[in-house]
Amino acid sequence: MTQSTSFDTTREAGLARLTEYLPKAGAYARLRNFDLPGHPHVSQLSPYIRHRLVTEAEVLSATLDRYAPSTVEKFIHEVFWRTYWKGWMEMRPSVWDMYQVGLKQAWNDVQTSSGLRQEWEAACKGETGIACFDHWARELAETGYLHNHARMWFASIWIYTLRLPWELGTDFFLRHLLDGDPASNTLGWRWVGGLHTPGKTYLARADNIRKYTEGRFDPQGQLAAFAVPLDGAENPPRAPLPEGDVLKGGVKTGVLLTYEDCTPSHVWEAVPFPDACARLAPETQSGILHMAPLVVSKRDAALDDAVSRWPGSPDVDALEGAEGIVAWAKSSGLSQVVTSYPPVGPVADVVRVAARELEGAGVAVTCLRRDYDSRAWPHATAGFFKFKTKIPKLLDALEKRQMSLSL
């Protein structure tokens with residue numbers, strides 16, 4: 001059986017977890033790589049940050065209120081990794097499209113090759129005979145969570161030992177992780193496979209697994225000895241970061257809530273008295289296969305929590321897909337739909353389709369981006385090591401903003 005890991009996807013629970021973890025943050029650099037039962041050495045804040053029940057800015061501010069930046073540098077960098085991945089993908093959105101195309105081809109291969117299908121099913125069910133990998137597959141399916149080090153080992157074994165298509169592994173994670181994020185998940189798998197940083201791969205080693213699981217697992221002689229970079233298209237050229245939309249005043253406006261941002265205070269402040277309010281249901285499919293019911297239910301719960309905190313307690317309509325957004329906007333007689341900026345991924349795809357159809361009906365879709373994202377994303381121009389040189393300035397800007405808000 002796997003260890004017990006559970007997440008109550010509410011803002012209150014996320015803030016409580018942050019408060020509980022902060023006393024341990026100073027030891028993050030020394031202990032972060034250990035994958036132990038209950039995951040005592042990592043924050044497990046990612047499901048809350050993923051849905052912005054708790055924001056990156058709040059985590060960073062709370063951490064720096066307690067520690068000097070040098071004491072918690074590794075933890076700060078870990079928060080910014082997610083920011084970096086999102087910014088990198090925003091300037092190269094075709095990588096998401098390429099992954100979707102590759103996933104369809106990989107699924108077609110599964111359908112036509114009985115051997116591949118059996119190997120893929122064994123990997124997803126945790127029946128490969130590699131004890132550590134099988135444990136992580138079951139843990140992910142049961143809890144929706146994996147330690148970050150285990151994710152890297154898992155992806156490496158999937159690609160180099162089991163020799164399964166990386167797109168299928170990426171999809172397995174995205175369908176089951178409570179913190180599944182299109183940018184960090186897709187680009188993380190590409191990095192392991194040598195596609196993100198050309199020629200640089202990640203190879204899971206038995207001695208490393210034995211050390212950082214404290215001997216729980218030792219796959220000696222079971223893992224690939226070499227990690228040859230995967231074949232694939234080069235990273236596309238970087239495009240300019242899309243501009244954030246500007247709110248139109250004096251028009252009939254509705255506000256749309258999505259699971260991408262369940263504390264959209266910047267939207268609520270910009271539109272304090274909306275003419276209509278709605279929430280977009282989480283997608284139940286990822287590409288071809290169904291999302292894990294646990295992920296869908298937790299996202300629904302996060303949306304429930306957001307609705308309960310919506311200022312003024314308005315009536316909120318429940319919508320499904322782009323068709324639902326279009327029908328709601330038209331039936332409500334709106335001239336503008338405002339939502340928190342959705343980063344590249346399934347929600348952004350739905351919003352984009354709705355926006356195209358609504359444009360023909362004279363309805364604007366306005367996506368308001370957070371200041372944190374607008375400051376950080378433009379720096380994700382190359383690798384993380386270049387990005388991290390900007391972190392001190394980003395932290396200074398965050399501190400100044402927090403001070404201005406407290407005045």
Got a sec: does the [atom1] of [X] have more than 12 other heavy atoms crowding it under 6.0 Å?
{"X": "D207", "atom1": "CG", "value": "yes"}
{"X": "K390", "atom1": "NZ", "value": "no"}
{"X": "E357", "atom1": "CD", "value": "no"}
{"X": "E359", "atom1": "CD", "value": "no"}

Minimal non-hydrogen separation, [X] against [Y], with atom names:
{"X": "L162", "Y": "A123", "value": "CD1-CB, 4.1 Å"}
{"X": "L18", "Y": "A62", "value": "CD2-CB, 3.9 Å"}
{"X": "P378", "Y": "M91", "value": "O-CE, 4.0 Å"}
{"X": "A276", "Y": "L334", "value": "CB-CD2, 4.2 Å"}
{"X": "L257", "Y": "A306", "value": "CD2-CB, 3.7 Å"}
{"X": "V95", "Y": "P236", "value": "CG2-CD, 3.5 Å"}

So, the side chain of [X] versus the backbone of [Y]: is there a donor-acceptor pair under 3.5 Å, distance only?
{"X": "D179", "Y": "S46", "result": "no"}
{"X": "E139", "Y": "L146", "result": "no"}
{"X": "T143", "Y": "L140", "result": "no"}
{"X": "R17", "Y": "E12", "result": "no"}
{"X": "S286", "Y": "M291", "result": "no"}
{"X": "T339", "Y": "L256", "result": "yes"}
{"X": "H135", "Y": "A131", "result": "no"}
{"X": "H41", "Y": "F34", "result": "no"}
{"X": "R92", "Y": "W88", "result": "yes"}
{"X": "K86", "Y": "P343", "result": "no"}

Do the charged groups of [X] and [Y] touch, with an N to O distance under 4.0 Å?
{"X": "E119", "Y": "R163", "value": "no"}
{"X": "R370", "Y": "D261", "value": "yes"}
{"X": "E58", "Y": "R11", "value": "yes"}
{"X": "R352", "Y": "D349", "value": "yes"}
{"X": "R369", "Y": "D245", "value": "no"}
{"X": "R216", "Y": "D35", "value": "yes"}
{"X": "R117", "Y": "E121", "value": "yes"}
{"X": "R279", "Y": "E320", "value": "no"}

[X] [atom1] to [Y] [atom2] distance, which is reported to the nearest 0.5 Å:
{"X": "L64", "Y": "L398", "atom1": "CG", "atom2": "CG", "result": "7.5 Å"}
{"X": "L280", "Y": "D317", "atom1": "CG", "atom2": "CG", "result": "12.5 Å"}
{"X": "L241", "Y": "H379", "atom1": "CG", "atom2": "NE2", "result": "10.5 Å"}
{"X": "E127", "Y": "D134", "atom1": "CD", "atom2": "CG", "result": "7.5 Å"}
{"X": "E20", "Y": "Q44", "atom1": "CD", "atom2": "CD", "result": "9.0 Å"}
{"X": "S43", "Y": "I49", "atom1": "OG", "atom2": "CD1", "result": "6.0 Å"}

W81 vs Y84 aromatic rings, parallel, tilted or perpendicular, using cut-offs 30° and 60°?
-> perpendicular
How are the rings of W153 and W136 set relative to one another: parallel (under 30°), tilted (30 to 60°) or perpendicular (over 60°)?
-> parallel
Would a 4.5 Å heavy-atom cut-off, applied to side chains only, mark [X] and [Y] as touching?
{"X": "N185", "Y": "L177", "result": "yes"}
{"X": "W120", "Y": "W107", "result": "yes"}
{"X": "L247", "Y": "Q336", "result": "yes"}
{"X": "C262", "Y": "L303", "result": "yes"}
{"X": "Y28", "Y": "V42", "result": "yes"}
{"X": "R50", "Y": "L178", "result": "no"}
{"X": "T258", "Y": "S340", "result": "no"}
{"X": "W377", "Y": "Y372", "result": "no"}

Test Y99 against T170 for side-chain contact (heavy atoms from CB on, under 4.5 Å), laying out the working first.
-> CA-CA 9 Å; Y99 156 67; T170 306; 3.7 Å; yes
Can you find a side-chain donor-acceptor pair between H149 and N208 that sits under 3.5 Å?
-> yes
Are the ring centres of Y67 and F75 closer than 6.0 Å?
-> no
Hey, mind stepping through R190 and N235 against side-chain contact (heavy atoms from CB on, under 4.5 Å) and telling me if it holds?
-> CA-CA 10 Å; R190 284 173 58 84; N235 290 328; 2.7 Å; yes
Answer yes or no for R52 and Y259: cation-pi contact, defined as NZ/CZ to six-membered ring centre under 6.0 Å and angle to ring axis within 45°.
-> no
Run the side-chain contact (heavy atoms from CB on, under 4.5 Å) check on T9 and R299 step by step: do they pass?
-> CA-CA 7 Å; T9 45; R299 286 178 174 170; over 6 Å; no
In sequence, state the C-alpha distance, the side-chain angles, and the governing distance for W189 and H196, and then conclude on ring-ring contact (aromatic ring centres under 6.0 Å, His included).
-> CA-CA 8 Å; W189 275 81; H196 182 72; over 10 Å; no
Please walk me through it: do T253 and D275 pass side chain to side chain donor-acceptor pair (under 3.5 Å)?
-> CA-CA 5 Å; T253 298; D275 295 289; 5.0 Å; no
Audit row: F226, Y160, side-chain contact (heavy atoms from CB on, under 4.5 Å) steps and yes/no = CA-CA 8 Å; F226 302 99; Y160 300 117; over 6 Å; no
Give the C-alpha distance, both sets of side-chain angles, the deciding distance and a yes or no for ring-ring contact (aromatic ring centres under 6.0 Å, His included) between F217 and F133.
-> CA-CA 9 Å; F217 302 111; F133 183 94; over 10 Å; no
Partner of W166 by side-chain contact (heavy atoms from CB on, under 4.5 Å), out of L103, V192, L195, D171 = L195
